[in-house]
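Keep in mind the model is a prediction, meaning the values are calculated, not measured. Each chain gets a letter, A, B and so on, in the order the sequences are listed, and its residues count up from 1.
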Amino acid sequence: MNEVKLFLGPQHPGMHGNYSVHMYVDGDIIKKARPTPGFLHRGFEKLMERRYWMGNLALIPRICVPEPDTNEMVYAMGVEALANIEIPEKAHWIRMLVLEMARVAIHLMSLGSIGGPTGLYTATYWAIAQRDLLLDLFEELCGARIYHMYIVPGGVRKDLPEGFTDKVLAMMDELDEKIPEYEDLILKHPVIHARTKDNILLPAEVVWELGVTGIGMRSAVGKEYDLRKVKPYAYYDKVDFEVPTATYSDALTRLNLKVRELYQSMRIIRQVIDKMPSKGAVNVPVSTGSALRWTVPAGMVYSAVESSRGEYGYFIVSDGKEMPYRIAVRGASYPQGLLGIEKYLKGHRIDDASLWMDSMGVCTPEIDR
Amino acid sequence: MNSMNNTINEIKAALKPLKMETPAFRQIAVVVKPDTVHNALSYLKQKGFTQLSIVTCVDWIKESEFELVYILFSWTEGIHIQLRARIDRDKPVMVTATDIFPGAQYYEREVHEFFGVEFTGNEDAAKPLFLEIWDDLPPLRKDFDPQAYSDSKFPMRERGNEFVSEIGGHDDE
């Protein structure tokens, strides 16, 4: 038959960031797919070697655009492990609050972005609008909507503003009312069902082969493989929450898990606000002298947290100087975004290609870096 | 913590590493000789470290060595392992890990592109990935100078006043 080469991207409404896939198609079916990353390669790893430990804070949130706080958290955890310091109790609680608020924000965004590849744009408008109200809270917290630079090595930058927790709780009450509406709109919509049910399967063997983590892994393996449970950081071992799982992973299952995780994040936020001490320090210095000239003891450490798409990690090397010697970033969607596309996109229809990227949670800035 | 100590002792007995340490909470760093990396990876995978989180490289230019780093994770025990090995910087060659962890494919391509490490057995490792038409040293090596590269590729252009008036900017009169 006649094979035709088609380009998906670098711009496409169903994708997060610029990414290109070369597809060799026969009729409507993809016969071969080649990922072509690099459109968002900004050389972060090299840039970070040439900046001070604190100066890097301006860079790291930009590595994964929709999920800045995860980056700040892994970086801070790694530096703290190298410097061997304990951060104050309240800082742990505030970090958890910020991380879970960020998780709600990104889950809302990725839930709504299912509208891109399926054409259900109402979902996008609703969810992004709701996320914007959450970003207002971040703006009040640290002055920035997207790139917060709030979680720093040694704790968090400043204590919470007065009355902040009440506003967060009010937002949680609002979400309690709103999320069922999104469920009605998205999860029960016939268009979404037609496109996602029994489509884009992710069997457990593929999970292990590629190294997929996060919702993809939990929806296929059926175990609570969440770093917050398996290897708790901050105070995740002091709050109650469930990790939703499934044993049959199609695109609809993964959407369902995303919504169920939203409720769990809100449950964590309420507990955090309940248990957080009202007074106390929120940061400690990592080293002596000006924060811009801190030194970090020599060593190599890998730090990882559970992002919305899976294990997000930094491998940090210090040689005891004022700048990091090397930082390697493990983007959470690296396995499915490169090898996954090469091996498992074939066999799908052309119109499912962008749905494939969306439901597998491919985030291109963290792949390119 | 018991399982952590057990794991450390078992790894010590089986791999006979050059060095072992615990750099962070539930994390073990194991330094081995480069020719035993492949065996160590398959041993660790059998021990339950079924997830390869990242393969990366550190350029120790003063010692003229590259240090390859494999980060593995065990979901049952919740322990991260750094498996590290140093190879010669002038002739950097390592056996591929793709037969044990198929997911290593693209990490090896990345390490090849950014550091110039050859992976024997991985035919695709030498293909370009992120960089387009790259014609200089692998850019994450410490002796690569981004400023010099940028200056040579994008020379400074002198602009006179006529350019400013051409685009409708300032008027000199």
Original post:
Tell me, side chain or backbone of B:Phe114 under 4.5 Å from chain A's heavy atoms, or both, or neither?
Top reply: side chain
Subject >> Winner by heavy-atom pair count (cut-off under 4.5 Å) against chain B, out of A:Phe39, A:Trp208, A:Tyr334, A:Phe315 >> reply: A:Tyr334
Original post:
Between B:Trp134 and B:Tyr149, does the ring centroid distance fall short of 6.0 Å?
Top reply: yes
**OP:** Pick whichever of B:Ala104, B:Ala29, B:Pro23 has the most heavy-atom pairs under 4.5 Å with chain A.
**Re:** B:Pro23
Original post:
Are the side chain of B:Thr22 and the backbone N or O of B:Ile28 linked by a donor-acceptor pair below 3.5 Å?
Top reply: no
Subject >> B:Glu63 atom CD, over 12 foreign heavy atoms within 6.0 Å >> reply: yes
Original post:
Which of the residues A:Arg369, A:Lys343, A:Met77, A:Lys223 is involved in the greatest number of heavy-atom pairs with chain B at under 4.5 angstrom?
Top reply: A:Arg369
Original post:
Does a salt bridge link A:Asp319 with B:Lys62, judged by any charged N lying under 4.0 Å from a carboxylate O?
Top reply: no
**OP:** Step through it carefully: locate the ring centre of B:His112, locate the ring centre of B:Phe119, and say whether they are under 6.0 Å apart.
**Re:** no
Subject >> Stacked cation flag A:Lys32 on A:Tyr24, 6.0 angstrom / 45 deg >> reply: yes
Subject >> Contact class of B:Phe73 relative to chain A, heavy atoms under 4.5 angstrom >> reply: side chain
Subject >> Under 4.5 Å from a heavy atom of chain B, the part of A:Leu40 involved >> reply: neither
**OP:** Using a cut-off of under 4.5 Å on heavy-atom pairs, state which of B:Arg84, B:Arg109, B:Gln105, B:Glu77 scores highest against chain A.
**Re:** B:Arg84
Subject >> Part of B:Leu52 within contact of chain A (heavy atom distance under 4.5 Å) >> reply: backbone
Subject >> Pick from A:Met217, A:Glu45, A:Glu80 with the largest number of heavy-atom pairs that fall under 4.5 Å of chain B >> reply: A:Met217
Subject >> Per-residue contact mode, A:Glu209 against chain B (heavy atom under 4.5 angstrom) >> reply: both
Original post:
Non-hydrogen atoms of chain B under 4.5 Å away: do they reach the side chain of A:Leu210, the backbone, both or neither?
Top reply: backbone
Subject >> Salt bridge B:Lys127-B:Asp124, side-chain N to carboxylate O under 4.0 Å >> reply: yes
Original post:
Can a salt bridge be assigned to the pair A:Glu261 and A:Arg218 using a cut-off of 4.0 Å between side-chain N and carboxylate O?
Top reply: yes
**OP:** Can you tell which part of B:Leu131 gets under 4.5 Å to a heavy atom of chain A, answering side chain, backbone, both or neither?
**Re:** side chain
**OP:** Output yes when A:Asp368 and A:Arg42 qualify as a salt bridge under the 4.0 Å nitrogen-oxygen rule, no when they do not.
**Re:** no
Subject >> Segment of B:Glu67 engaging chain A (4.5 angstrom heavy-atom cut-off) >> reply: side chain
Subject >> Region of A:Leu82 that comes under 4.5 Å of a non-hydrogen atom in chain B >> reply: neither
Original post:
So what's closer than 4.5 Å to chain B heavy atoms on A:Val317: side chain, backbone, both or neither?
Top reply: side chain
Original post:
Under a 4.0 Å N-O cut-off, is there an ion pair linking A:Lys231 with A:Asp237?
Top reply: no
Original post:
Quick check, are the ring centers of B:Phe66 and B:Trp60 under 6.0 angstrom apart?
Top reply: no
Original post:
chain A heavy atoms under 4.5 Å from B:Pro128: which part of the residue, side chain, backbone, both or neither?
Top reply: neither
**OP:** Against chain B, work out which of A:Ala328, A:Gly211, A:Pro37 has the most heavy-atom pairs shorter than 4.5 Å and name it.
**Re:** A:Pro37
Subject >> Structural part of A:Thr36 lying under 4.5 Å from a heavy atom of chain B >> reply: neither
**OP:** Measure distances from A:Val329 to the heavy atoms of chain B and classify the residue's part below 4.5 Å as side chain, backbone, both or neither.
**Re:** backbone
**OP:** Flag the pair B:Glu118 and B:Lys91 as a salt bridge only when some basic side-chain nitrogen lies within less than 4.0 angstrom of an acidic carboxylate oxygen.
**Re:** no
Original post:
Is any NZ, NE, NH1 or NH2 atom of the basic residue among A:Arg330 and A:Glu366 found under 4.0 Å from an Asp or Glu carboxylate oxygen of the other?
Top reply: no
Original post:
For the candidates B:Ile71, B:Thr76, B:Thr56, B:Thr50, which exhibits the highest count of non-hydrogen atom pairs separated by less than 4.5 Å from chain A?
Top reply: B:Ile71
**OP:** Would you mind telling me which of B:Ala24, B:Ser74, B:Pro146 has the largest number of heavy-atom pairs within less than 4.5 Å of chain A?
**Re:** B:Pro146
